[in-house]
Amino acid sequence: MTVPVRVRFAPSPTGKVHAGNIHTAIFDYLWARHTGGTFILRIEDTDVERKEAGAVEHMMEALKWLGLDWDEGPGVGGPYGPYYQSQRLPLYKAAAEKLVADGHAYYCFCSTERLEAMHQQQEANKQLTGYDRACRNLTAEECKAKESQGIKSVVRFKVPLEGQMTIHDLIYGDISFDYKNIDDFVMLKSDGYPTYHLANVVDDTAMKITHVIRGEEWISSTPRHLLMYQAFGYTPPQYIHMAMIVGADRAKLSKRRGAISILEYRDMGYLSEALFNFLVLIGWSLDDKTEIMTRQQIIEKFSLERMGRTAAAFNQDKLDWMNGVYIRNLPFDDLADRLLPFLDRYLPPEVKRPLDAVYVKEITPLIKERIITLKEAAAYADFFFLDNLTHDAAKFVDKKTDAATALKALKSAEEKLSALDDFNRDQLETTLRSLAETLGIKAGQLFNVLRVAATARDATPPLFETMAALGQDRCLQRIKSAIAVLSKN
RNA sequence: GCCCCCAUCGUCUAGUGGACUAGGACAGCGGCCUUUCAAGCCGUCAACAUGGAUUCGAAUUCCAUUGGGGGCACCA
């Protein structure tokens, strides 16, 4: 009989969540959903110094945006709360005291200054850095004496002086460590807060976590955690260390190095489905060719066996491509709904708000294949919304078409188009193709001139559809203004 | 300095001793399509870090080397 899987994503609220953090969360989520287990969110706010206001909210917003809904944790509660470590302080204190009582840990009264000096000396002598265990063998009386002098203490774990241990990781396999390379680490800080080491062991046990999924950077502290499980007499969870996502410089992602926050991707107009799919493919693959998968497919096919061990770089070009694929696969209405807020925010201020949602739906098919992010739609399609365009005379001229020809073409077009009673796509095509013939120029030449007149751009969606969407009045008015500009030269 | 991990095209990856003259994708390049731009389609460039060992046979196993990364806090 297998125990139901319980995994937790345990971020510390010290900044904005980036791809590296969320990558772990995604795999926590996948493992939980794949197995029908429970996905827990736990906030590791045990560093009073580094704690940042709003970080938890930011975190939760990012998780929600990506659809990583948690079954237990802040906002939803659960039977093993509270899910903020800062609200579980008595638990850690009791656990630390128990280990002291059992002889597995001890109080350390060393000052920060002493520790720093020791560390510097060790580095200068190129020695192994780590606590020198000065307080390891303090007697109860000595401890009392220090305490009565008002000296603050921390609790350190008594790491065996010799021997070794092997940890088993579901991805990396067996890894061995010598105890002699592990120092007596701090479990409980002098401010009464636990360190990550203590807190995660206490909470993972209390919350019945079965699998610890975390970044590869934790491998080297896993022996400490295992040592604590042994000392407590707890059964440790299974470990799943994941290869990290690295930056272009191949170093661990961090906000200091300019890692982009996940919500920024949302604000840049990436679809959460695309980012999810993209992030899943970093460190995991289904086979040798499948890339675009729905969330359901991913959950269903997910397996630990297919996870890689190599750190991977975030390839923005590929994300762009994938986002384009997702945009193109979206139904028009859905895309239009998602486009609306971006257009609203990024279209020039002179465009009247609120935007006409029906009109947005109308032009959506025209830009769908041409944008890779939602945000860029505003810059790409502004001419659909602007009342007045500024024409650049140079744009009307190219190798095939000189200014005089362009001017003549525009004048004839204005005449023809004002006579049209139905300004639809097909009418426009018939009218303009025959006009080109009459003028004795290539259809493409005429179209390009009109394109520039109607949009002030030389790269736009197909001309007839564009003009039809713009409508007769606006097209004629723009052609007039184009004629004016060209006549000046 | 010490400990640990990793190593296939520029990037993400497939590959678990023979089907590999190493597959896919992004990017790049070339072409087709075409009223522009895209999209689409076709093609092309491009990798098993190095050296040993094991084996009839290694991208795949083992050992070194090199390179990269991570850890060594009263941070997580």
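Chain letters run A, B, ... following the sequence lines, proteins first, then strands; residues in each count from 1. Just so it is clear, the structure is predicted and the values come from calculations on it, not from any experiment.
Checking Asp178(A) against Gln164(A) by side-chain atom types alone, a donor-acceptor pair falls below 3.5 Å. Remark: the Asp45(A) side chain and the Ser86(A) side chain contain an N/O donor-acceptor pair separated by less than 3.5 Å.
Aromatic ring orientation, Phe278(A) versus Phe314(A): perpendicular (interplanar angle above 60°, classes split at 30° and 60°).
Remark: Arg295(A) is positioned above the aromatic ring of Phe276(A), its terminal NZ or CZ atom under 6.0 angstrom from the ring centre and at most 45 degrees off the axis. Annotation: cation-pi geometry satisfied between Lys375(A) and Tyr346(A) (NZ/CZ under 6.0 angstrom from ring centroid, within 45° of ring axis). Within the cation-pi definition used here (under 6.0 Å to the ring centroid, within 45° of the axis), Arg156(A) qualifies as a partner of Tyr131(A).
A sub-4.0 Å separation between OP1 or OP2 of C74(B) and a side-chain N or O of Arg156(A) is present. Residue Ser220(A) has no polar side-chain atom (N or O) positioned under 4.0 Å from OP1 or OP2 of C72(B). At the phosphate of U35(B), OP1 or OP2 sits under 4.0 Å from a side-chain N or O atom of Arg433(A). Contact annotation: Thr195(A) does not reach the phosphate of A76(B) (side-chain N/O to OP1 or OP2, under 4.0 Å). Regarding contacts with the backbone of U16(B), every side-chain N or O of Arg306(A) stays at 4.0 angstrom or more from both OP1 and OP2. Side-chain N/O atoms of His241(A) include none lying less than 4.0 angstrom from OP1 or OP2 on C5(B).
Residue whose closest nucleotide on RNA chain B sits further toward the 5' end, between Glu216(A) and Ser111(A): Glu216(A). Place Met244(A) and Lys152(A) on RNA chain B by their nearest nucleotides, and Met244(A) ends up nearer the 5' end.
Listed nucleotides A27(B), C4(B), G69(B) differ in distance to Ile175(A); the shortest reach to its side chain belongs to C4(B). The listed nucleotides are C74(B), A7(B), C4(B); the one nearest the side chain of Thr310(A) is A7(B). When the nucleotides A27(B), C75(B), C5(B) are ranked by their closest atom to the side chain of Arg50(A), C75(B) comes out on top. Comparing C5(B), G70(B), C26(B) against the side chain of Lys252(A) picks out G70(B) as the nearest. Set against C6(B), U36(B), C12(B), the side chain of Pro462(A) has U36(B) as its closest nucleotide. Distances from the side chain of Arg425(A) to the nucleotides U35(B), C74(B), C4(B) place U35(B) closest. Distance from the side chain of Ser285(A) is smallest for U13(B) among the nucleotides U13(B), C74(B), C12(B). Side-chain proximity of Glu369(A) to A38(B), G70(B), U36(B): nearest is A38(B). For Lys189(A), the listed nucleotide lying nearest its side chain is C74(B); candidates were U11(B), U35(B), C74(B). Listed candidates were C12(B), A39(B), U35(B). Nearest to the side chain of Arg250(A) is C12(B).
Between the side chain of Lys318(A) and the base of A27(B) there is no donor-acceptor pair of N/O atoms closer than 3.5 Å.
Residue His197(A) is classed as having no contact, given no heavy-atom separation below 4.0 Å to the nucleic acid. In this structure, Gly283(A) reaches the sugar-phosphate backbone alone: every heavy-atom distance under 4.0 Å involves primed, P, OP1 or OP2 atoms, never a base. Note on Tyr380(A): a base of the nucleic acid sits closer than 4.0 angstrom, heavy atoms only. If you check every strand for non-hydrogen atoms under 4.0 Å, Ser221(A) touches nothing. Using a 4.0 Å heavy-atom criterion, one finds that Val186(A) contacts the sugar-phosphate atoms exclusively. As judged by a 4.0 angstrom heavy-atom cut-off over every strand, Pro223(A) is placed among residues making no nucleic acid contact. Tyr196(A) comes within contact range of at least one nucleobase, with a heavy-atom separation under 4.0 Å. Contact annotation for Phe177(A): backbone-only contact, meaning every heavy-atom pair under 4.0 Å involves sugar-phosphate atoms and none involves a base. Residue contacts for Pro461(A): at a heavy-atom cut-off of 4.0 Å it reaches a base atom on one of the strands shown. Within 4.0 Å of Arg309(A), counting heavy atoms only, lie sugar-phosphate atoms of the nucleic acid but no base atom.
The gap from the P atom of A76(B) to that of C62(B) amounts to 37 Å, rounded to the nearest Å. Between the C1' atoms of G1(B) and C9(B), the separation comes to 36 Å (whole Å). The separation of U13(B) from C6(B), taken at their P atoms, amounts to 15 Å, rounded to a whole angstrom. For the C1' atom pair drawn from U8(B) and A46(B), the interatomic distance equals 12 Å after rounding to whole Å. Spacing of C1' atoms, U16(B) relative to A22(B), comes out at 14 Å, to the nearest Å. The same atom, P, is picked in A14(B) and in A49(B); the two are 15 Å apart, to the nearest Å. Nucleotides A7(B) and U60(B) are separated by 14 Å at their C1' atoms, to the nearest Å. Distance check on atom P: U65(B) versus C48(B) gives 23 Å, rounded to whole Å.
Using the Watson-Crick or G-U wobble rule with both distances under 3.5 Å, G40(B) pairs with C32(B). Across all strands shown, C26(B) is found opposite G10(B) as a Watson-Crick or G-U wobble partner, with both distances under 3.5 Å. In this structure, A46(B) forms no base pair with any nucleotide, since neither Watson-Crick nor G-U wobble geometry is met with both distances under 3.5 Å. The partner of G51(B) is C63(B), judged by Watson-Crick or G-U wobble contacts that both fall below 3.5 Å. Pair assignment for G1(B) gives C72(B), based on Watson-Crick or G-U wobble hydrogen-bonding distances that are each under 3.5 Å.
For the atom pair CG (Asn315(A)) and CD1 (Ile245(A)), the distance works out to 11.5 Å, reported to the nearest 0.5 Å.
Centroid-to-centroid, the aromatic rings of Phe302(A) and Phe27(A) come within less than 6.0 Å.
The CZ-C1' distance, from Phe278(A) to U13(B), rounds to 12 Å in whole Å.
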For Phe157(A) and His225(A), what are the C-alpha separation, side-chain angles and deciding distance, and is it a ring pair (Phe, Tyr, Trp, His ring centres under 6.0 Å)?
CA-CA 10 Å; Phe157(A) 188 86; His225(A) 305 153; over 10 Å; no

